[in-house]
Amino acid sequence: VKVEHDKKAKKRKHEYEEDEDDEVLLSVLVWEEERYTDGSKWRFLEHKGPVFAPPYEPMPNKVRFYYDGKIMKLSAAAEEVATFFAKMLDHEYSTKDVFRKNFFKDWRKEMTSEEKAIITDLNKCNFSEMNDYFKAQSEARKQMSKEEKKKIKEENERLLQEYGFCIMDNHKERIGNFRTEPPGLFRGRGDHPKMGMLKRRIRPEDIIINCSKDSKQPKPPPGSKWKEVRHDNKVTWLASWTENIQGSIKYIMLNPSSRIKGEKDWQKYETARCLKKCVDRIRTQYRDDWKSKEMRIRQRAVALYFIDKLALRAGNEKEEGETADTVGCCSLRVEHIKLHPKINDQEFVVELDFLGKDSIRYYNKMPVEKRVFKNLQLFLENKQPEDDLFDRLNTSILNKHLQELMDGLTAKVFRTYNASITLQQQLKELTCPDDSIPAKILSYNRANRAVAILCNHQRAPPKTFEKSMQNLQTKIDEKEKQLSTARKQLKAAKADHKASHDEKSKKTVEVKRKAVQRIEEQLMKLQVQATDREENKQIALGTSKLNYLDPRISVAWCKKYGIPIEKIYNKTQREKFAWAIDMAEKDYEF
DNA sequence: AGACAGACTTGCTTTCACTATA
DNA sequence: TATAGTGAAAGCAAGTCTGTCT
């Protein structure tokens, strides 16, 4: 694959050489010429460092804070943190006990000793004037004149041009996130024990800069210093800092359109295609292992079966009390699984119910093979609800085993493989060559949806869902009325023509016929749209499209059926998948 | 083997900005 | 010309997995 692609890339490179504007495209086409074998990620790296959050602007004097009904002027530090809470007054978070408790504790740390002595109860704090002020501000922002908006836009564009790009090796690349995260209150997902804690402001002194020795080093803002400047070309990040909630490191990295991200993405799908070649063998083996006399092997084999069949995540252990209580395959507990030897005419039914990544609920009830069922019964023996289902297994053991089965194989490769193979197979099954383009796109979305369901990619139904559905229905009703009017007119025109047989009436018939046809098409399009949207109410297609589906499958499908690629991928997605758009022909097979 | 740090991918929600419409 | 509705983009939290240290 590589050799063939290299040839093609060279050819295209030549074609594009004169076109200097097309730098981005060019850089995509020549990736393959710059791969390193020693684990280094680049030779040259130059950038301007991150953009920092703007400093705190104190509240105008007229905006007051009240404690226990009395006006109280806060110190700048305490006031800033108070505004973080004030901004969230309308959010459900601000009513949660844990959130309030964490916030109050961290807020008090920012107070002067006088403030600390007075402010002892969050319930006696009144932030409403601050809240009103921010609402007014956001209203004012919306009301800004065209010129003011334009000015802001230009300033943003200037910042993007200056800080949003870097030079990596021979190419100018877009940076993904070139700003540090602003201070605020931490919003964990699900039942997070740290929600409401203060996320502190990031200063230049917190930042580690990574760039090449021979590059022009970024300058810290006047009067400040970087924490460190290093030159590590074994990593891809440009800058990093340690965040104070979990103590984890945050990075500034390149945009998905960059060579370094694109190559990695491509590699990911190649690994998944590798799995395709040996998945039969692996399946045979884990089925065999269900009979092993060793408990650890049986557990490993059943877990792998779940990962393969149900597309579960690996499930690393997490530190208790530090994050929301969520699990994946290896960390499933007894309380997450129910076994039904017989239910509704089905035998050996397993019911899984747990909170996965981002505290999204996974619920599934499915029949499994008898051997799996019997094994699960065995694993559950003499255990408490909070005990691990797979007590002899963890992700490290599992991945070590997978590594032995195939080079580069880890648990998540199964998700990539099953997602991509499902898309390919569903597209084959659902696409009718004679369908209109909108109908074909509906088929595509349905194939995409099948994958999203497999991977349990959900979303909260949009707040405007019901209304937007109604709007669409209104449009459909109107279109139907239009159609019936147009049909009547066509009928009348036909009758007229039958009576007179003249040229003019013949033309009218043609015109009316065309009109009916056009309206029919428009109606169909609207109906397809309504179906699509309804089926998508709680399902998020984005994640699978961006992270799990080999883009070459979609590109090939578009080429095969003459669908413009813009209908499937928007501008950003086309940039991210430029490598695939360039590479895949209509006969590409995952 | 297990703990932990680090790097990178994945995932949902919120905000932004554009476009169609009144 | 303002507004509403929408898709795109931004934001950042939360996973996976590797490597190192003990």
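Within 4.0 Å of A:Ala324, counting heavy atoms only, lies no atom of the nucleic acid at all. Across all strands shown, A:Thr326 has heavy atoms under 4.0 Å from sugar-phosphate atoms exclusively, and none from any base. Across all strands, A:Tyr548 comes closer than 4.0 Å only to sugar-phosphate atoms, never to a base (heavy-atom distances). Residue-level contact check: A:Thr236 touches the backbone only, with heavy atoms under 4.0 Å from sugar-phosphate atoms and none from bases. Counting non-hydrogen atoms under 4.0 angstrom, A:Lys194 reaches nothing in the nucleic acid. Within the nucleic acid shown, A:Lys412 comes within 4.0 Å of sugar-phosphate atoms alone, with no base atom in reach, counting heavy atoms only. A:Lys142 comes within 4.0 angstrom of no nucleic acid atom, judged by non-hydrogen atoms across all strands. Across all strands, A:Arg415 comes closer than 4.0 Å only to sugar-phosphate atoms, never to a base (heavy-atom distances).
A salt bridge does not link A:Arg259 to A:Glu173: none of the charged nitrogens lies less than 4.0 Å from a carboxylate oxygen.
On the nucleic acid side, DNA chain B contacts chain A at distances under 4.0 Å to non-hydrogen atoms, with the end points of that region at B:dG6 to B:dC18.
Because its NZ or CZ atom is not both nearer than 6.0 Å to the ring centre of A:Phe99 and within 45° of the ring axis, A:Lys96 does not count as a cation-pi partner of that residue.
Computed from coordinates, the A:Lys250 NZ to C:dA10 C1' distance equals 13 Å when rounded to whole Å.
Of the side-chain N and O atoms in A:Ser359, none sit less than 4.0 angstrom from OP1 or OP2 of C:dA14.
Around atom CD of A:Glu320, no more than 12 heavy atoms belonging to other residues, nucleotides or ligands sit under 6.0 Å away.
Near DNA chain C, meaning a heavy atom under 4.0 Å away, the residues from residues 311-323 of chain A are A:Arg313, A:Ala314, A:Gly315, A:Asn316, A:Lys318.
Along DNA chain B, the nucleotide closest to A:Ile360 and the one closest to A:Thr242 are compared, and the more 5′ of them pairs with A:Thr242. Between A:Gly247 and A:Lys400, the residue anchored nearer the 5' end of DNA chain B, judged by the nucleotide with its closest heavy atom, is A:Lys400.
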Could you write out each protein N or O paired with an N or O of nucleotides 18-22 of chain C at a distance under 3.5 Å?
none

Evaluate side-chain hydrogen bond (donor to acceptor under 3.5 Å, both in side chains) for A:Ser331 paired with A:Asp388, printing each intermediate quantity in order. CA-CA 6 Å; A:Ser331 49; A:Asp388 284 340; over 6 Å; no
Using the rule given for ring pair (Phe, Tyr, Trp, His ring centres under 6.0 Å), can you reason through A:Trp241 versus A:Phe52, listing the C-alpha separation, both sets of side-chain angles and the distance that settles it, and then say yes or no? CA-CA 12 Å; A:Trp241 71 89; A:Phe52 291 89; 8.7 Å; no
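Between A:Phe354 and the options A:Tyr363, A:Tyr362, A:Phe306, a ring-ring contact (aromatic ring centres under 6.0 Å, His included) holds for only A:Tyr362.
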